[in-house]
Amino acid sequence: MKKRNGFQVMARLIGLVKPLTGFMLLAILMGLIGHLCAAFLTIFGGFAVLEALNLDTSFSLSLLFACMAIFAVLRGLLRYAEQACNHFIAFKLLALLRDKVFRALRRLCPAKLESRDKGDLISVITSDIELLEVFYAHTISPAAIALLFTIIMSLFIGSFHWLLGLIALAAYLTVGVVIPLAASKLSGDAGIKLRTKSGGLSGFVLDSLRGLSETLQYGQGEKRLDEMNRRTEELAKDEEKLKRISGRNTAATNTVVLAFDLVMLFASALPYQRGAVGFEGVLLPTLALFSSFGPVIALAALGSTLQNTFAAGNRVLDILDEAPAAADVTGKPEIAFTGAEAEHVTFSYGAETILSDVSLEIPKGSVVGIVGRSGSGKSTLLKLFMRFWKVQHGSVKLSGTKVEDINTRNLRDLESFMTQETHLFHDSITNNLRIAKLDAADEEIEAACKKASVHDFIMSLPKGYDTPVGELGDTLSGGERQRIGLARAFLHDAPFLLLDEPTSNLDSLNEAVILKALREEREEKTVVLVSHRQSTMRIADKVYSVEHGRMS
């Protein structure tokens, strides 16, 4: 995670408000007027006291009470309008932020996401983004309101005596700036730890749910439960620390407010004794300060909670700023498929070398097989042809052009890639297949399924192609999911098929049907088959063996 201080995170998050600047200015204006109405309700009460004491105030009691009634109603209406505006901004920005995050994930797919913990990622795109609502609805406009309110009230109180104005300014700055900064410093990195552990717990729970059957089978339920309880207790301790800091923050704020109220009372009494101000110069500044801490107290309360919010913002910004392993390519000439090759390819995941000086040719219209033990780099080689990762040494080419120099859309149109694990969405079989070709007709879908030997199975289901599959395809067997994945590859109708273990979960009969379909496609398709099965390799024109990242 990239370390950013609170001000850097705040600046980036505020930058996202630009599309809604008008609404934000309106919220600030309504909030400022509303807080002034609230403060002057008490101040008008002071004027009424002065009038009752027959001191000259230039206001009649009827006018003062009328103003108080109007300001009370305005305060309620403006408060409601301010909050409505702030929450409109917040939820609109959260929608925009989610859109940005999912666009960033599309750029990062699939290379970076292979190494990212899925539960932690879910935590970022749900709870972390949701937590930013506090910042957008309860931080930006309150901070601006507090600043403007401080200036206006300091000038008003200072109009009675300059010293009183300075005391008021010091009070506002202490409560609205010094205390939040002190609370933030006391929090340290507790907010980041809390969000990180929260994401880790989400990942652990998701992992536990997915592996529930294995956990029960091998009697590991108690162990998983103990680990979940341990993580929960650690999370609770971190949250308790933040709550404790928040409580101390509140206590310090209330103490400082009371202290400054007393200071204002005694400070205004001194010029009164000297005759520098009248009784109104004691009563009104004191009442004004008493009634005007609302906006800065709102900032003081954010001192500890903002650490949590900034930690969430930091995690979201990490995704937005993360560079893809292989960026999209545009602006290059379109190419047609005439064959593929890899030349002296070397590739590593970190310090671990997966492929070392690998070369192979894949002529157009051929079926090329790749065999080797698990972890030998077979699947990685296919991903390099797809440009999911950048080749570190050597080159991977289609039609004599390096994949780095082919437009991403052009490359995806030329290749169909079937992975070892077919992902199915919680949707109908038809919609799961149509991902490969959004405008595919029903006849095309059925033809692809027949090639993949899955049409008869689908037709045996109660709703046929409209049958919904469960989340992650759990209502289907591994072989059924695999055949649907292969049907997707056929439906995409690309000239270059990259098939990673396409028959690993199939019986010999279905394997034979699929191999027959691939053999019939060889005039129009070029196929790369990665498989452990020797029976699958019988249709290959040439078979390469990969051992320890080297090809023979």
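Just so you know, these numbers come straight off a predicted model, no measurement behind them.
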Nearest-0.5 Å distance, CG of residue Asp357 to CZ of residue Phe347: 16.0 Å

Greater than 12 external heavy atoms within 6.0 Å of Arg409's CZ: no

Non-hydrogen side-chain atoms of Val316 and Leu13 separated by less than 4.5 Å: no

Any Val528 side-chain heavy atom under 4.5 Å of Leu381 side chain: no

For the student: nearest non-hydrogen atoms of Ile129 and Leu94, plus distance: O-CD2, 3.1 Å

Steps toward side-chain contact (heavy atoms from CB on, under 4.5 Å) verdict (Arg483, Glu480): CA-CA 5 Å; Arg483 281 180 283 164; Glu480 290 157 358; 3.6 Å; yes

Salt-bridge present (Arg230, Glu227; N to O < 4.0 Å): yes

Straight-line distance of Thr467 OG1 to Ile429 CD1, nearest 0.5 Å: 5.0 Å

Main-chain N/O of Ala487 paired to Lys451 side chain as donor or acceptor, under 3.5 Å: no

Leu317 and Leu320, any side-chain heavy atoms less than 4.5 Å apart: yes

Shortest non-hydrogen contact from Ser416 toward His492: OG-CD2, 3.0 Å

Parallel, tilted or perpendicular: ring planes of Phe23 versus Phe88, cut at 30 and 60 degrees: tilted

Pairing residues for Asp500 by the side chain to side chain donor-acceptor pair (under 3.5 Å) criterion, not counting sequence neighbours: Ser379, Gln420

His532 and Glu501: CA distance, side-chain angles, deciding distance, side-chain hydrogen bond (donor to acceptor under 3.5 Å, both in side chains) verdict: CA-CA 7 Å; His532 289 91; Glu501 299 287 359; 2.4 Å; yes

Phe425 and His423 aromatic ring geometry - parallel, tilted or perpendicular at 30°/60° bounds: perpendicular

Interatomic spacing from NZ in Lys364 to CD in Glu524 - rounded to 0.5 Å: 10.0 Å

side-chain hydrogen bond (donor to acceptor under 3.5 Å, both in side chains) between Thr215 and Arg224, worked out: CA-CA 8 Å; Thr215 300; Arg224 298 293 293 188; 4.7 Å; no

Glu240 and Arg244: CA distance, side-chain angles, deciding distance, salt bridge (Lys or Arg N to Asp or Glu O under 4.0 Å) verdict: CA-CA 6 Å; Glu240 181 184 354; Arg244 193 180 300 115; 3.1 Å; yes

Evaluation steps, side-chain contact (heavy atoms from CB on, under 4.5 Å), between Ile514 and Thr536: CA-CA 10 Å; Ile514 288 170; Thr536 302; over 6 Å; no

Test item: Leu382 and Phe388 side chains (from C-beta on) under 4.5 Å apart, heavy atoms: no

Leu491 to Lys437 - nearest heavy-atom pair and separation: O-CD, 3.8 Å

Glu361 backbone acceptor or donor facing Tyr544 side chain under 3.5 Å: yes

Worked check of side-chain contact (heavy atoms from CB on, under 4.5 Å) between Lys402 and Val391: CA-CA 10 Å; Lys402 292 182 179 180; Val391 177; over 6 Å; no

Student check: side-chain heavy atoms of Leu132 and Leu97 closer than 4.5 Å: yes

Asn407 (side chain) donor-acceptor with Lys332 (main chain) under 3.5 angstrom: yes

Phe91 CZ: over 12 foreign heavy atoms closer than 6.0 Å: yes

From Asp405 atom CG to Ser395 atom OG, the distance as rounded to the nearest 0.5 Å: 10.5 Å

Pairwise side-chain contact, Arg488 with Thr422, heavy-atom cut-off 4.5 Å (strictly under): yes

Short side-chain to backbone donor-acceptor contact, Lys378 and Val546, under 3.5 Å: no

Arg103 atom CZ, over 12 foreign heavy atoms within 6.0 Å: no

Euclidean distance, Ile370 CD1 relative to Ile362 CD1, rounded to 0.5 Å: 6.0 Å

CA sep, side-chain torsions, deciding dist, call: Lys542, Ser366, side-chain contact (heavy atoms from CB on, under 4.5 Å): CA-CA 8 Å; Lys542 186 171 183 178; Ser366 65; over 6 Å; no

Donor-acceptor contact present, side-chain Arg481 to main-chain Glu421, <3.5 Å: no

Side chain proximity check, Arg387 to Val396, heavy atoms < 4.5 angstrom: no

Value rounded to 0.5 Å, distance of OG in Ser141 from CD in Glu82: 5.0 Å

Met386 side chain reached by Val403 side chain, heavy atoms, under 4.5 Å: no

Salt-bridge criterion met for Arg12 and Asp321 (N-O under 4.0 Å): yes

Expected output: side-chain Asn86 to main-chain Ala27 donor-acceptor under 3.5 Å: no

Contact summary for Ile354 and Gly377, nearest pair of heavy atoms: CG2-CA, 3.5 Å

Donor-acceptor contact present, side-chain Gln392 to main-chain Ser348, <3.5 Å: yes

Check: Ser531 side chain, Arg533 main-chain N or O, donor-acceptor pair, under 3.5 Å: yes

For Asp413 against Pro495, the heavy-atom pair lying closest together: O-CD, 3.8 Å

Heavy-atom closest pair, residues Ala340 and Phe385: CB-CE2, 3.8 Å

Cationic tip of Arg412 above Phe417 ring, under 6.0 Å, 45° of axis: no

Any donor-acceptor N/O pair, Asp541 side chain to Val368 backbone, under 3.5 Å: no

Carboxylate-amine/guanidinium proximity below 4.0 Å for Glu343 and Lys397: yes

Any donor-acceptor pair under 3.5 Å from Thr526 side chain to Phe496 backbone: no

